[in-house]
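Take a look at the structure set out below.
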Amino acid sequence: MGSISDLPVMQDAIDILKQFDIETEVDIVSAHRTPEKLFDFSNNAHKRGISVVIAGAGGAAHLPGMVASMSPLPVIGVPVKSSNSIDGWDSVLSILQMPGGVPVATVALNGAKNAGILAAQIIGSANKDVLQKIVAYKEGLKQAVLKASDELNT
């Protein structure tokens, strides 16, 4: 994440990844205040065994795009509605409007839970244990809706 103030939003991604027993690494890497750390992380994450990067940022929200510009890994951007944000639109558009050749999968404003699920699905495409946990999770979502429907109609 770009700042410690992003942690309350990004915690949802951390929690869902832990639910799927996926090892996580959490750090603060600011595109503007720690560019050397950003370069080191982006250039070396794949060499350290990281499979997917979830990058949350508010305001100008350059972190996801900068990571994607240097890393061969899939990057999921989480736009964060921060205190200096323009209702979050600046973050959404900054992450969403990437130039051709530098993709960033973008989730909803403050949508870190979906970023975690998407990361797990990417990992699950090559890891059968994670894939089975995703299947079970989605079945749980289905069952919760069916139960609510039954309770509503009885």
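Just so it is clear, the model here is predicted, and its values are computed rather than measured.
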For Lys18, which residues count as a salt bridge (Lys or Arg N to Asp or Glu O under 4.0 Å) partner, sequence neighbours excluded? none
Shortest non-hydrogen contact from Ser91 to Ser85? OG-OG, 4.3 Å
For atom CD of Glu139, decide whether the heavy atoms of other residues, nucleotides or ligands shown that lie under 6.0 angstrom number more than 12. yes
Residues Val29, Phe39; criterion side-chain contact (heavy atoms from CB on, under 4.5 Å); working and verdict: CA-CA 10 Å; Val29 180; Phe39 294 161; over 6 Å; no
How many angstroms lie between atom CG of Leu96 and atom CG of Leu109, to the nearest 0.5 angstrom? 12.0 Å
Starting from the C-alpha separation in whole Å, work towards a yes-or-no answer on side-chain contact (heavy atoms from CB on, under 4.5 Å) for Val92 and Ile95. CA-CA 5 Å; Val92 170; Ile95 296 171; over 6 Å; no
For Tyr137, enumerate each residue passing the ring-ring contact (aromatic ring centres under 6.0 Å, His included) test, keeping only those at least two apart in sequence or located in another chain. Phe20
What is the distance from atom CD1 of Ile117 to atom CD of Gln19, rounded to the nearest 0.5 Å? 8.0 Å
What do you reckon, is NZ of Lys37 surrounded by more than 12 foreign heavy atoms closer than 6.0 Å? yes
Listing, residues 144-154 side-chain donor-acceptor contacts under 3.5 Å, not counting sequence neighbours, or none:
{"unit_1": "Asn153", "atom_1": "ND2", "unit_2": "Ser149", "atom_2": "O", "d": "2.9"}
{"unit_1": "Thr154", "atom_1": "OG1", "unit_2": "Asp150", "atom_2": "O", "d": "3.1"}
{"unit_1": "Thr154", "atom_1": "OG1", "unit_2": "Glu151", "atom_2": "O", "d": "3.3"}

Give the minimum heavy-atom separation between Leu38 and Ala31, together with the two atoms involved. CD2-CA, 3.8 Å
With sequence neighbours excluded, residues passing side chain to side chain contact (heavy atoms under 4.5 Å, CB included) with Asn44: Asp40, Lys47
Which atom pairs, donor and acceptor, lie under 3.5 Å between side-chain atoms of residues 120-128 and protein residues at least two apart or in another chain?
{"unit_1": "Ser125", "atom_1": "OG", "unit_2": "Ile122", "atom_2": "O", "d": "2.6"}
{"unit_1": "Asn127", "atom_1": "OD1", "unit_2": "Asp129", "atom_2": "N", "d": "3.0"}
{"unit_1": "Asn127", "atom_1": "OD1", "unit_2": "Val130", "atom_2": "N", "d": "3.0"}

In terms of heavy-atom contacts, Leu17 and Ala119 come closest through CD2-CB, 4.3 Å
Cluster question for you: counting only ILVMFWY and a side-chain heavy-atom cut-off of under 4.5 Å, with indirect links fine, are Val107 and Val102 together? no
Between Lys113 and Asp15, is there a salt bridge with N-O shorter than 4.0 Å? no
Quick check for you: to the nearest 0.5 Å, what is the distance between Ile28 atom CD1 and Thr34 atom OG1? 9.0 Å
Look up atom CE in Met10 and atom CD1 in Ile54, then write down how far apart they are to the nearest 0.5 Å. 6.0 Å
Answer yes or no: is there a donor N or O on one side and an acceptor on the other, between the side chain of Arg33 and the main chain of Gly2, under 3.5 Å? yes
What pair of heavy atoms forms the shortest contact from Ala112 to Ala13, and how long is it? O-CB, 3.3 Å
Less than 3.5 Å apart, which donor and acceptor atoms pair up between the side chains of residues 59-81 and the rest of the protein, not counting sequence neighbours?
{"unit_1": "His62", "atom_1": "ND1", "unit_2": "His32", "atom_2": "NE2", "d": "2.6"}
{"unit_1": "Ser69", "atom_1": "OG", "unit_2": "Met66", "atom_2": "O", "d": "2.7"}
{"unit_1": "Ser71", "atom_1": "OG", "unit_2": "Leu73", "atom_2": "N", "d": "3.1"}

Kindly give the heavy-atom pair with the smallest separation between Pro8 and Ser5, and that separation in Å. CD-O, 3.3 Å
Could you go step by step and tell me if Glu25 and Arg48 meet the side-chain contact (heavy atoms from CB on, under 4.5 Å) rule? CA-CA 11 Å; Glu25 178 180 308; Arg48 296 188 300 109; 2.9 Å; yes
Student check: side-chain heavy atoms of Asp12 and Asn110 closer than 4.5 Å: no
Looking only at heavy atoms, what is the nearest atom pair of Ile50 and Val53, with distance? CG2-CG2, 4.3 Å
Indicate if Ile22 and Ile14 have the same hydrophobic cluster label, given that clusters are the connected sets of ILVMFWY residues with side-chain heavy-atom separations under 4.5 angstrom. yes
To the nearest 0.5 Å, how far apart are OG in Ser42 and NE2 in His46? 11.0 Å
